[in-house]
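The structure under discussion appears below in the form of structure tokens.
Just so it is clear, the values below take in all heavy atoms, side chains as well, and ignore hydrogens, waters and symmetry mates. Every chain is numbered from 1 and lettered A, B, ... according to where its sequence line falls, protein lines coming before strand lines.
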Number of protein chains: 2
Amino acid sequence: MTDIKSNANPLFLREEELRQGIELLFYAYRDFTSDPDEILSTYRFGRAHHRAVHFIGRNPGMTVAELLAILRITKQSLSRVLSQLIDRGFVEQKKGAEDRRQRLLYLTESGIDLELRLSQPQQARVARAYREAGAEAVEGYRKVLMGLIKDDDRARIKKTFR
Amino acid sequence: MTDIKSNANPLFLREEELRQGIELLFYAYRDFTSDPDEILSTYRFGRAHHRAVHFIGRNPGMTVAELLAILRITKQSLSRVLSQLIDRGFVEQKKGAEDRRQRLLYLTESGIDLELRLSQPQQARVARAYREAGAEAVEGYRKVLMGLIKDDDRARIKKTFR
DNA sequence: TTTTATATGTCAACATGACTGACATAAAGT
DNA sequence: ACTTTATGTCAGTCATGTTGACATATAAAA
């Protein structure tokens with residue numbers, strides 16, 4: 001049987017490299033979500049709640065439409081999660097001053113607290129990986145991940161990273 | 001109000017850097033799964049089917065227990081997906097020669113075909129990101145992702161990457 | 001001012017993929 | 001013989017996504 005990995009054909013080498021890159025992303029994402037997932041379950045919340053809380057925390061006063069565009073889910077999916085967060089006092093909505101159709105989203109004090117609890121172990125994991133890999137590797141990590149993002153969103157994200 | 005990003009406190013700078021690293025992983029994973037997800041829906045399959053097909057394709061003859069350990073889901077979750085893939089002729093099981101309790105997993109010809117269709121656009125996306133970021137950045141991407149993986153699994157994964 | 005478009009919310013129905021807990025079978029190991 | 005392991009399966013539940021339809025308030029355009 002042909003050993004793919006030691007085959008001299010450069011296309012095979014390339015495919016193996018790409019497949020490893022794909023698997024790495026799967027494994028990293030799997031473990032990177034595991035810490036917050038555990039904490040969330042004690043609140044009877046899921047990963048979707050974490051995403052909402054994270055992005056509202058990062059963008060206080062953002063609109064529902066902006067959050068939908070980031071999460072790429074439907075209004076109905078978000079609305080369930082959002083109303084649970086509002087009912088339980090982690091998120092609040094305020095009418096937009098300029099456009100009063102908008103419901104601007106904010107974390108409450110409990111919301112800020114929850115966000116911190118969720119992000120702490122996740123930040124610790126990323127910090128450790130950064131530390132072990134070194135500054136140059138971190139730059140590469142960022143470059144490649146940015147390249148994996150669809151073109152239309154990349155520009156927007158870059159702006160928020162200033 | 002204090003502007004977090006221009007604050008001289010190095011802890012704030014560090015936290016901002018970590019939060020960006022977290023968001024990047026979210027965005028990249030979101031878009032990296034979007035191509036296969038579209039194709040899967042034409043088969044009425046979901047992301048879980050893709051994962052199974054991917055890992056069985058990469059590890060022909062793997063056991064159910066090995067696949068469970070990689071996916072980190074329960075037996076019951078996998079069994080639904082696996083029996084659908086078997087029923088529809090994408091995966092086949094063979095009794096283990098040494099240990100006849102084991103059901104060794106293989107892709108059929110259709111399974112190999114499906115796996116290719118799913119992985120092609122995903123590989124293309126990764127290839128583009130790699131090309132644009134450069135070889136050094138790819139090395140950093142791999143290092144950091146490897147560091148995000150939990151310790152117990154990192155050694156196993158490294159071995160499969162030889 | 002009337003009309004149209006936008007931002008948001010909500011209802012009903014459904015699919016997928018995860019979970020727990022219990023139980024069954026065959027085969028391997030002690 | 002007994003215990004453990006590898007796998008499968010049943011029943012029920014939950015979280016999170018989907019589509020499609022419709023309602024309301026407000027803004028923007030004609």
Side-chain angles (χ1 to χ4, degrees), chain A residues 26 29-30 33-34 36-56 61-88 91-106, chain B residues 26 29-30 33-34 36-56 61-88 91-106:
Chain A
F26 163 77
Y29 197 81
R30 181 196 67 179
T33 52
S34 65
D37 280 356
E38 267 187 53
I39 299 165
L40 285 160
S41 72
T42 71
Y43 289 82
R44 300 203 183 170
F45 282 152
R47 207 174 282 179
H49 300 85
H50 184 195
R51 291 187 197 125
V53 163
H54 171 91
F55 284 107
I56 295 170
M62 77 190 307
T63 67
V64 173
E66 285 166 350
L67 185 51
L68 282 173
I70 286 177
L71 299 177
R72 296 255 177 100
I73 57 175
T74 57
K75 191 168 55 160
Q76 296 79 357
S77 291
L78 177 59
S79 104
R80 201 177 323 140
V81 166
L82 211 47
S83 51
Q84 287 165 355
L85 287 169
I86 291 166
D87 287 351
R88 291 178 48 190
V91 168
E92 58 183 352
Q93 292 182 312
K94 293 177 189 164
K95 278 199 178 177
E98 292 156 33
D99 187 336
R100 298 197 318 174
R101 291 171 302 180
Q102 297 178 334
R103 298 296 125 87
L104 308 184
L105 301 168
Y106 296 90
Chain B
F26 163 76
Y29 197 80
R30 182 196 65 179
T33 51
S34 65
D37 280 356
E38 267 187 50
I39 299 164
L40 286 159
S41 71
T42 72
Y43 289 81
R44 300 205 182 169
F45 282 153
R47 206 174 283 179
H49 299 85
H50 184 194
R51 290 187 196 125
V53 164
H54 171 91
F55 284 106
I56 296 169
M62 77 189 308
T63 67
V64 172
E66 285 166 350
L67 185 50
L68 283 173
I70 286 177
L71 299 177
R72 297 255 178 98
I73 57 175
T74 57
K75 193 166 54 158
Q76 297 77 358
S77 292
L78 177 59
S79 106
R80 199 177 330 140
V81 165
L82 210 48
S83 50
Q84 286 165 355
L85 287 169
I86 292 166
D87 287 350
R88 291 179 48 192
V91 168
E92 58 182 353
Q93 293 182 311
K94 292 177 191 167
K95 278 199 179 177
E98 291 156 34
D99 187 335
R100 298 199 316 175
R101 293 172 303 180
Q102 297 177 333
R103 298 295 126 86
L104 309 184
L105 301 168
Y106 296 89

Next item on the list: Look at the aromatic rings of B:H49 and B:F45 and report parallel, tilted or perpendicular, splitting at 30° and 60°.
Entry: parallel
Next item on the list: Looking at every strand, decide which applies to A:E66 at a 4.0 Å heavy-atom threshold: base, sugar-phosphate, or nothing.
Entry: nothing
Notebook entry, point to check: Is A:K95 close to A:R103 at the side-chain level, that is, under 4.5 Å between some pair of heavy atoms?
Noted result: yes
Notebook entry, point to check: Is a donor on one side and an acceptor on the other found under 3.5 Å between the side chain of A:T63 and the backbone of A:E66?
Noted result: yes
Checklist line | Nucleotide C:dG17, atom P - distance to CG of B:L67 in whole Å | finding: 14 Å
Next item on the list: Examine B:R88 relative to B:Y43 and say whether NZ or CZ is less than 6.0 Å from the centre of the six-membered ring and inside a 45° cone about the ring axis.
Entry: no
Notebook entry, point to check: How many Å lie between CG on B:L68 and P on C:dA18, as a whole number?
Noted result: 11 Å
Notebook entry, point to check: Between B:A52 and B:L85, what is the shortest heavy-atom contact and its length?
Noted result: CB-CD1, 3.9 Å
Notebook entry, point to check: What's the NZ-P distance between B:K94 and D:dT7, to the nearest Å?
Noted result: 16 Å
Notebook entry, point to check: If we fit an axis to the first five pairs and another to the last five of the helix from C:dT1-D:dA30 to C:dT30-D:dA1, what angle do they make, to the nearest 10°?
Noted result: 30°
Check: Between atom CG in A:D37 and atom P in C:dG17, what is the gap in whole Å?
Finding: 17 Å
Item checked: Any donor-acceptor pair under 3.5 Å from B:R51 side chain to B:I70 backbone -> no
Note to self: Can you tell me if A:Q76 has over 12 outside heavy atoms packed within less than 6.0 Å of its CD?
What the structure shows: yes
Next item on the list: For A:T63, report the nucleic acid contact type (base, sugar-phosphate, nothing); a contact means any heavy atom under 4.0 Å.
Entry: sugar-phosphate
Polar-atom pairs under 3.5 Å, protein N or O versus N or O of nucleotides 21-24 of chain C: list them with distances, or write none.
unit_1, atom_1, unit_2, atom_2, d
C:dG21, O6, B:Q76, NE2, 3.1
C:dA22, N6, B:Q76, NE2, 3.3

Notebook entry, point to check: Any chance CD of B:Q93 has more than 12 other-residue heavy atoms, nucleotides or ligands included, within less than 6.0 Å?
Noted result: yes
Next item on the list: Ignoring backbone atoms, establish whether B:S77 has a side-chain N or O less than 4.0 Å from OP1 or OP2 of C:dC19.
Entry: yes
Next item on the list: List for me each residue that meets salt bridge (charged side-chain N to carboxylate O under 4.0 Å, His left out) alongside B:R30, sequence neighbours excluded, and say none if there are none.
Entry: A:D153
Note to self: Here's a test of your reading of the structure: between A:I73 and B:R80, which maps to the more 5' nucleotide of DNA chain D?
What the structure shows: B:R80
Checklist line | B:Q102 side-chain N/O to C:dA28 phosphate OP1/OP2 under 4.0 Å | finding: no
Next item on the list: Go through residues 44-53 of chain B and report each residue with a non-hydrogen atom lying under 4.0 Å from DNA chain C, sorted by number.
Entry: B:R44, B:G46, B:R47, B:A48, B:H49, B:R51
Notebook entry, point to check: At under 4.0 Å between heavy atoms, what does B:Q84 touch on the DNA or RNA strands: base, sugar-phosphate, or nothing?
Noted result: nothing
Next item on the list: Decide yes or no on side chain to side chain contact (heavy atoms under 4.5 Å, CB included) for A:I56 and A:L82, but give the supporting numbers first.
Entry: CA-CA 11 Å; A:I56 295 170; A:L82 211 47; 4.0 Å; yes
Notebook entry, point to check: Excluding sequence neighbours, so at least two apart, what forms salt bridge (charged side-chain N to carboxylate O under 4.0 Å, His left out) with A:R100?
Noted result: none
Check: Please give, in whole Å, the distance from D:dT24 P to A:Q93 CD?
Finding: 19 Å
Check: When you measure from the side chain of B:T33 to the backbone N and O of B:Y29, does any donor-acceptor pair fall under 3.5 Å?
Finding: yes
Notebook entry, point to check: Looking at side-chain heavy atoms only, is the closest gap between A:L104 and A:M62 below 4.5 Å?
Noted result: no
Next item on the list: Using whole Å, report how far CG of B:L78 lies from C1' of C:dC19.
Entry: 14 Å
Notebook entry, point to check: Just to confirm, is there a sub-4.0 Å distance from OP1 or OP2 of C:dC19 to any side-chain nitrogen or oxygen of B:T74?
Noted result: yes
Checklist line | Reading 5' to 3' through nucleotides 25-30 of chain D, protein heavy-atom contacts under 4.0 Å coded B for base, S for sugar-phosphate only, - for none | finding: BBS---
Check: Short question: side chain of A:S83, backbone of A:S79 - any donor-acceptor pair under 3.5 Å?
Finding: yes
